[in-house]
Amino acid sequence: MEVHKFGGTSVSSEEGLQTLEASATSGNVVVVSALAGVTDALEQFIQDACRGAADPDPIIEEHERFIAEHLEEEHREVREFLRKMETLLEGVATVLEQLERPEDRLKDLVLALGERASARLIAAYLRERGIRAVAYDSWEIGLVTTDRPGNADIIRWEGTRSKLMSDLRAGRVPIVTGFIGRSERGHITTLGRGGSDYTATVLAGILGVRALIWTDVDGIMTTDPDLAEARVVERLSYEEAMMAGASGAEVIHPKAVEAAKNLGVKVLIGNSRTANVGTVISEETEPGPKVVASREDVALIQVTGARMMDEPGVIGTVTTRLGDHGVNILALLTTASEPCINILIEERSVDEAREALRELDYDWEVREEVGLVTVVGEGMSPRDVSTFLSSCDGFDLLGSAYGAVAVSVVVPREHTREAARTLAEHLLD
Ligand code: ASP
Ligand code: MG
């Protein structure tokens, strides 16, 4: 038995559904995401509702389409849920029109509808094929999350193992909502975008089995196939997978990898369209560069000034202030005597960063036209690293830490893709 997670594209395509059916037939626990595009549509719905322009119909229709294409019988609980979903969306729209800005809890309540609907649709789909599938909202099998909206963590599981085991023993297949949870206080939460993977690795940990993440590619790729020739990476360590994900590679969610590492779960990644399993994430890996990743949604803050050199606690002051303004730091580097502190942040928080820095008495500059290029691989040689550097034009912040699992540079944004392409060609054979 394993835990099999199916992403949005996998639950929305005929081939994906066939792989899902095979998984269910073999008695695995199934974790599902919302239907393709639904979480984005729900996010957009919330935005539109604040302007008094929200329309729940297209979202409901997306689910109706699944019914029309894949179901033949009438499933009362599916219909009832969709009706409830529509009523809730209409109610939320009325409230948001008044409030004019989304409240985080309300947002989670809305986003959670996507997974709740798809679990019910998938269970109905399987039942029509003679499989005794039961849909569960994750809290119904005892998962408890922190209370933090938008990025909650799964912290406890009460009776989860025995509940799932007794279903499987009785020939029932649990279809569990990924991505969503409920806190001790009874609030519905979400685990962060892409968080269904995380639900799956936690459940695998609870059951002491492997997690198989079914997606629409054969596994983790050496680089973005749109940039350069890419292959599937067969083996990655937990650290490598985490760094690759954080650096912009299409990997499974970093929280999923972290949970897998902590709970000792072996993770497999496969293509639900072809049933090929390409990548295994575990303790094992070979030394050398494996993945070249890049992202352009970053900005570089440079805090400078001679007086910083002998003033104790400058880094703490700057980072605390940024933290107070909700700015998440991706990387931080200073030179030996710290006349310049380089701080890499997500581009979406530049306004908050500027606000934070204005409160401080240092010289600073925020550079938005930058990109991050990272090469990931445990045990890289100095030669790998120097090939990396000589392939990057006009690079700036250089970070290599964590036992050289990853080396990153910040480059002018217009060089990002070119640098990633050159690197993939030079470093990955
Ligand atoms: N449906 C959620 C999202 O789109 C969770 C997931 O797909 O893992 O972010
Ligand atoms: Mg995903």
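These numbers come from the heavy atoms of this one structure, side chains and all, not from hydrogens, waters or symmetry mates. We count ligands from 1, going down the list as the structure has it; atoms in each ligand are counted the same way.
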Ligand 1 versus S196, non-hydrogen atoms closer than 4.0 Å: side chain, backbone, both, neither?
both
Check for me whether E115 has a heavy atom closer than 4.0 Å to any atom of ligand 1.
yes
Ligand-residue contact atoms, ligand 1 with F179, heavy atoms, under 4.0 Å
2 (C), 5 (C)
If only side-chain N and O atoms count, and only distance matters, is there a donor-acceptor pair under 3.5 Å linking T19 with S272?
no
What atoms in ligand 1 come closer than 4.0 Å to a heavy atom of R193?
3 (C), 4 (O), 9 (O)
For V370 against R413, the heavy-atom pair lying closest together
O-NE, 2.7 Å
Is D197 in polar range of ligand 1, meaning some N or O pair under 3.5 Å apart?
no
Can you name the atoms of ligand 1, numbered from 1 with element, that are less than 4.0 Å from a heavy atom of T39?
1 (N), 2 (C), 3 (C), 4 (O)
Show the atoms of ligand 1 that are less than 4.0 angstrom away from any heavy atom in G194.
3 (C), 5 (C), 6 (C), 8 (O), 9 (O)
Does G195 come within less than 4.0 Å of ligand 1, judged by its heavy atoms?
yes
Does a salt bridge link R193 with D40, judged by any charged N lying under 4.0 Å from a carboxylate O?
yes
Ion pair present between E229 and R421, side-chain N to carboxylate O less than 4.0 angstrom?
no
